[in-house]
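Take a look at the structure set out below.
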Amino acid sequence: MTQEREMEKISFDWLNKLPKVELHLHLEGTLEPELMFELAQRNQVTIPFQSVEQLRAAYQFNNLQDFLDIYYQGAEVLLVAQDFYDLTWAYLLKCKEQNIIHVEPFFDPQTHTARGIPFATVLEGIERALIDGKNKLGISSKLILCFLRHLSEEDAFNTLAQAIPYLDKIRAVGLDSSEKGHPPEKFSRVFAKARQLGLLTVAHAGEEGPAGNIWTAINDLQVARVDHGVSAISDQPLMAELIKTQMPLTICPLSNTKLKVFADMSDHTILQMLADGVCVTVNSDDPAYFGGYMTENFVALVDALNLNKTQAKQLVANSINGSFVSQKSKQKMLVQLSDYR
Ligand code: ADE
Ligand code: ZN
């Protein structure tokens, strides 16, 4: 690429058409206000907001917990398998629009089983949409079951037991919800059991919590990726380890500024980590709540940090390399990426 072309600001259209892979996405976090209202009406669930506009206006968060409170409340409109299908399908249509070719979404079964909704209902609705995503839209996927870390180890074990009939539909387990006070090691035994069952592991660590949580996610939970991991930059030995092992970090820029992990996008350290050789990736986390899907996250990096095309393509290559697909599929996606100009 010439110096001149590298200097030119990347357009929305170039980023939108760039083939992309998403590795950190909560399906419940894709529930747009319009669908929330539609499902509330369909299922006769009352929500404490009068309009889509009022709901959107409430999406102002000072920290992760502020967001989680509203996010769990929003999920209460999801009751039957068709609701989980509609939620997942709407996300996949967005992926198609933004040329996201492969996704590895999270779902939080405990958010639903705690309300009396069977695990099977949740899984079947999501799974049917992911199959349609492959057949009708050409989007491949690997599903990740997340345990809610503010709940007990026993609750996580019960959830894992409910997943056993569906292990062929789930590639990995993850760990999300409130990081403060709930370190990764709380779930060491559950994750060991999940690995015995043949599942891969990932965990949110170093989002609001210290770099020590990233170490324990790696050493105790034996994760294949760290979700967020932005606090690693404060720990030089950890940075060296991440670079040496090429441990992927699934970073979510708009999430980080919405939840005040960084005060401003211009403070975000993702490109510094990329330059240091860390395997950082771009993801949308909970796009319906944080103001954008994949393309908007890349645009935010262009606007605040002057992201260039070489960096954008390296970030996608990192996602491909960090994904849970076969070597052959990775090669195919890497070729598609390098052909894109
Ligand atoms: N659940 C949904 N989004 C999350 C995030 N950013 N951190 C922790 N748990 C979450
Ligand atoms: Zn997340």
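Bear in mind the structure is a predicted one, so any value in this text is a computation, not a measurement. Counting convention: from 1, in listed order, for ligands and their atoms alike.
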Which atoms from ligand 1 have a heavy atom of [X] less than 4.0 Å away?
X	answer
Phe67	2 (C), 3 (N)
Glu207	5 (C), 6 (N), 7 (N), 8 (C)
His26	1 (N), 2 (C), 3 (N), 4 (C), 10 (C)

Could you tell me whether [X] and [Y] have a side-chain N and a carboxylate O separated by less than 4.0 Å?
X	Y	answer
Asp286	Lys258	no
Arg128	Asp132	no
Arg171	Glu104	no
Arg42	Asp86	yes
Glu34	Arg56	yes

Quick one: CG on Leu151 to CZ on Arg149, what's the gap to the nearest 0.5 Å? 12.0 Å

Rounded to the nearest 0.5 Å, the CG atom of Leu39 sits from the CG atom of Leu79 at a distance of 8.5 Å

Would you say Cys252 reaches the Zn ion (ligand 2) with an N/O/S atom under 2.8 Å? no

Metal check, the Zn ion (ligand 2) vs His228 N/O/S, cut-off below 2.8 Å: no

With a 4.5 Å limit on heavy-atom distance, are the side chains of Leu25 and Glu22 in contact? yes

Quick one: does Leu175's side chain get under 4.5 Å of Leu221's, heavy atoms only? yes

By atom name, which N, O or S atom belonging to Asp285 lies closest to the Zn ion (ligand 2)?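 For Asp285, the N/O/S atom sitting closest to the Zn ion (ligand 2) is OD1.
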
Taking 4.0 Å as the limit for heavy-atom contacts, which would you say applies to [X] with ligand 1: side chain only, backbone only, both, or neither?
X	value
Glu28	neither
His228	side chain
Asp108	neither

Examine ligand 1 and decide if any of its atoms is less than 4.0 Å from a heavy atom belonging to Asp227.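 Heavy atoms of Asp227 never come under 4.0 Å of ligand 1.
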
Run the contact test for Tyr71 against ligand 1 with a 4.0 Å cut-off on heavy atoms, strictly below, and give the result. yes

For Gln73, does the CD atom sit with more than 12 other heavy atoms under 6.0 Å from it, leaving out its own atoms?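 Check passes, neighbour count above 12.
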
Please check whether Ser177 reaches ligand 1 - meaning an N/O of the residue sits under 3.5 Å from an N/O of the ligand, judged on distance alone.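 By distance alone, the answer is yes.
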
Atom 3 (N) of ligand 1 has as its nearest protein heavy atom Asp286 OD2, 2.6 Å

When you measure from atom 6 (N) of ligand 1 to every protein heavy atom, which one gives the shortest distance, and what is it? Asp285 OD2, 2.7 Å

Taking the Zn ion (ligand 2) as the apex, His24 NE2 and His26 NE2 span an angle, rounded to 10°, of 110°

